[in-house]
Chemist: 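Take a look at the following structure, please.
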Amino acid sequence: MTQAHLTRTAPEDLLHRLTHLRVNRSSGVPALYKPVTLLWAMARARRGAERLLSWSGTERELGEALAAAGAPARPHYPVASLSQDGLWSLPGQADAPTAHGDPRRWFTERQPLGGPTEEVYDLFRGSAVARLAVQEQLLELYFADRDPAPLLARLGLPYAGPEVPAEPEPDPLDLQWPEARAGDPEPWLVTVVEYEQGCRLLELTEEQRHGKRVSAQGTRPVRSPAARLLVLGRSGGRCENPECAGHPDERTERGMPLLEVDHVRDLALGGRDHPSQMVALCPNCHAVKTRGRSRERLRALLLDVARERHRERSAGK
């Protein structure tokens, strides 16, 4: 057992298991059965559906999701395999088959109730940070040369693809929640525990993301939506520039604050995609940091601010 494994917390270990799946690669590319099944389970948990579903419902819904991803509609295969991996639950079915051979007959005869394990469901249901972290890793690892947009649109999961025009650019965080209603709590706020765990999850995958582009011909570095959500939550909805002359109180249509999460050190120049080098800025301060005469002085100030805000939040302040 490696030292890295010894120091993982339970959520980190679960993320590792969810994103290091044993998949068939005989065709030269990873099979999509298990990644699609986990994304489907994530979408169900996100909208508050029951954890367990009848086999007829699973066969229909998961079959449609697999078809949207361009994979054969064989839901019995990934369910059997994920059950063997300890990520899927088939209550009362001690003799559940493996994915080897053809488990279709067993599922047809037994019609089992099933769904993700409680720990997987709770992770997907309870943490937007975890959902985004798992989603971005599954897309990176298993959809590198495939278009996930049709699948994610069918599932209702947020996605801003590489072909999105630069201006105006839809914010995947703004798409993460339905439109806010009066009296609703701020869904984008994160707890101290979520912030600490989310940063550790990002650090587990930071080396894989570093230097990657949104496509083989792309020029924009890959940016983590989970990292942006952590910074937005840390800000409390207010501009993190201590010299800000006035933050607009206006919100987006879905109730999100008008903040732009910025990498103080540009990723293309070696900056980290991590909250310790990121800040949430109002549009005016972002423009000054990018194009203003005092931008170099402001960047130095904001780098200190990012480090200090990260240190305070990690310490529970």
Side-chain angles (χ1 to χ4, degrees), residues 128-129 132-133 136 158 160 164-177 180 185-192 194-196 198-199 201-203 206 209-210 214 219-315 317:
V129 173
L132 286 169
E136 66 190 51
V164 173
E167 294 291 344
E169 180 172 348
D171 190 335
L173 297 187
D174 206 23
L175 302 176
Q176 180 71 19
W177 299 278
E186 304 284 20
W188 44 269
L189 292 175
V190 296
T191 66
V192 171
E194 270 194 300
Y195 186 84
E196 181 181 4
C199 287
L201 295 178
L202 288 171
E203 288 155 11
E206 186 175 14
R209 297 193 315 273
H210 186 71
V214 294
T219 57
R220 281 194 296 135
V222 171
R223 292 174 168 85
S224 168
R228 297 179 60 236
L229 176 56
L230 289 171
V231 176
L232 184 63
R234 181 187 72 192
S235 74
R238 306 300 300 176
C239 180
E240 291 189 306
N241 177 13
E243 298 179 350
C244 179
H247 183 119
D249 291 327
E250 183 69 16
R251 296 293 184 99
T252 70
E253 289 184 0
R254 289 178 169 81
M256 300 282 282
L258 285 177
L259 289 172
E260 299 166 3
V261 178
D262 181 76
H263 293 80
V264 183
R265 284 184 174 170
D266 197 301
L267 293 182
L269 299 178
R272 295 180 66 192
D273 193 23
H274 188 276
S276 63
Q277 290 190 7
M278 299 165 68
V279 289
L281 299 174
C282 70
N284 286 342
C285 290
H286 193 197
V288 173
K289 183 263 183 185
T290 304
R291 305 188 299 276
R293 289 182 179 177
S294 61
R295 61 184 179 275
E296 294 303 328
R297 181 192 64 80
L298 182 57
R299 285 173 183 167
L301 171 64
L302 292 177
L303 187 58
D304 288 339
V305 168
R307 290 169 176 162
E308 182 62 18
R309 295 297 300 271
H310 173 67
R311 185 191 66 78
E312 291 178 351
R313 192 63 170 169
S314 297
K317 297 180 181 179

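All residue numbers in this chain count up from 1 along the given sequence.
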Chemist: Locate the shortest heavy-atom distance separating Gly198 from Val129; write the atom from each residue and the value.
Modeler: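 Closest heavy-atom pair between Gly198 and Val129: CA-CG1, 3.8 Å.
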Chemist: List the atom of Leu259, the atom of Ala280, and the distance in Å for their closest heavy-atom pair.
Modeler: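 Distance-wise, the nearest heavy atoms are CD1-CB, 4.1 Å.
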Chemist: Rounded to the nearest 0.5 Å, what separates atom CG in Leu202 from atom NE2 in His274?
Modeler: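 Reported value, rounded in 0.5 Å steps: 6.0 Å.
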Chemist: Once rounded to the nearest 0.5 Å, what's the spacing between atom OG of Ser224 and atom CG of Leu230?
Modeler: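 One finds 7.5 Å between OG of Ser224 and CG of Leu230.
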Chemist: Which residue, Arg228, His310, Arg307, Arg309, forms the side-chain contact (heavy atoms from CB on, under 4.5 Å) with Pro275?
Modeler: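 Of the listed options, the one satisfying the test is His310.
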Chemist: Any side-chain to backbone donor/acceptor pair from Gln277 onto Arg272? Under 3.5 Å, distance only.
Modeler: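 Checking the backbone N and O of Arg272 against the side chain of Gln277, a donor-acceptor pair under 3.5 Å is found.
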Chemist: Would you say the side-chain atoms of Glu260 pair up with the backbone N or O of Pro283, donor to acceptor, closer than 3.5 Å?
Modeler: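 Judged by distance alone, no pair lies under 3.5 Å.
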Chemist: Using 4.0 Å as the upper bound for N to carboxylate O, is an ion pair formed by Arg234 and Glu240?
Modeler: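 So Glu240 pairs with Arg234 through a salt bridge.
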Chemist: To the nearest 0.5 Å, tell me how far Leu281 CG sits from Leu298 CG.
Modeler: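 It comes to 7.5 Å.
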Chemist: To the nearest 0.5 angstrom, please state how far the NZ atom of Lys289 sits from the CG atom of Leu301.
Modeler: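 Between Lys289 NZ and Leu301 CG, I get 12.0 Å after rounding to 0.5 Å.
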Chemist: Could you pull out the closest heavy-atom pair between Ala133 and Ala226, with the gap in Å?
Modeler: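 In this case the closest contact between Ala133 and Ala226 is N-CB, 4.0 Å.
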Chemist: Report yes or no: does Ser235 contribute a side-chain atom to a donor-acceptor pair with the main-chain N or O of Leu232 at less than 3.5 Å?
Modeler: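 The answer is yes, because a donor-acceptor pair under 3.5 Å joins these two groups.
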Chemist: Report yes if the side chains of Arg313 and Val192 come closer than 4.5 Å at any heavy-atom pair, otherwise no.
Modeler: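 Side chain of Arg313 against side chain of Val192, heavy atoms only: contact under 4.5 Å found.
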Chemist: What are the two closest heavy atoms between Cys282 and Cys239, and how far apart are they?
Modeler: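 That would be N-SG, 3.4 Å.
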Chemist: Would the distance check show the side chain of Arg299 and the main-chain N or O of Val264 forming a donor-acceptor pair, the cut-off being under 3.5 Å?
Modeler: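 Not confirmed, Arg299 side chain does not pair with Val264 backbone.
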Chemist: CG/Leu302 to CZ/Arg265 distance, rounded to the nearest 0.5 angstrom?
Modeler: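 Going from CG on Leu302 over to CZ on Arg265, the span is 12.5 Å.
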Chemist: Distance-only, no hydrogens or angles: does the Ser294 side chain make a donor-acceptor pair with backbone N or O of Arg297 under 3.5 Å?
Modeler: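 No.
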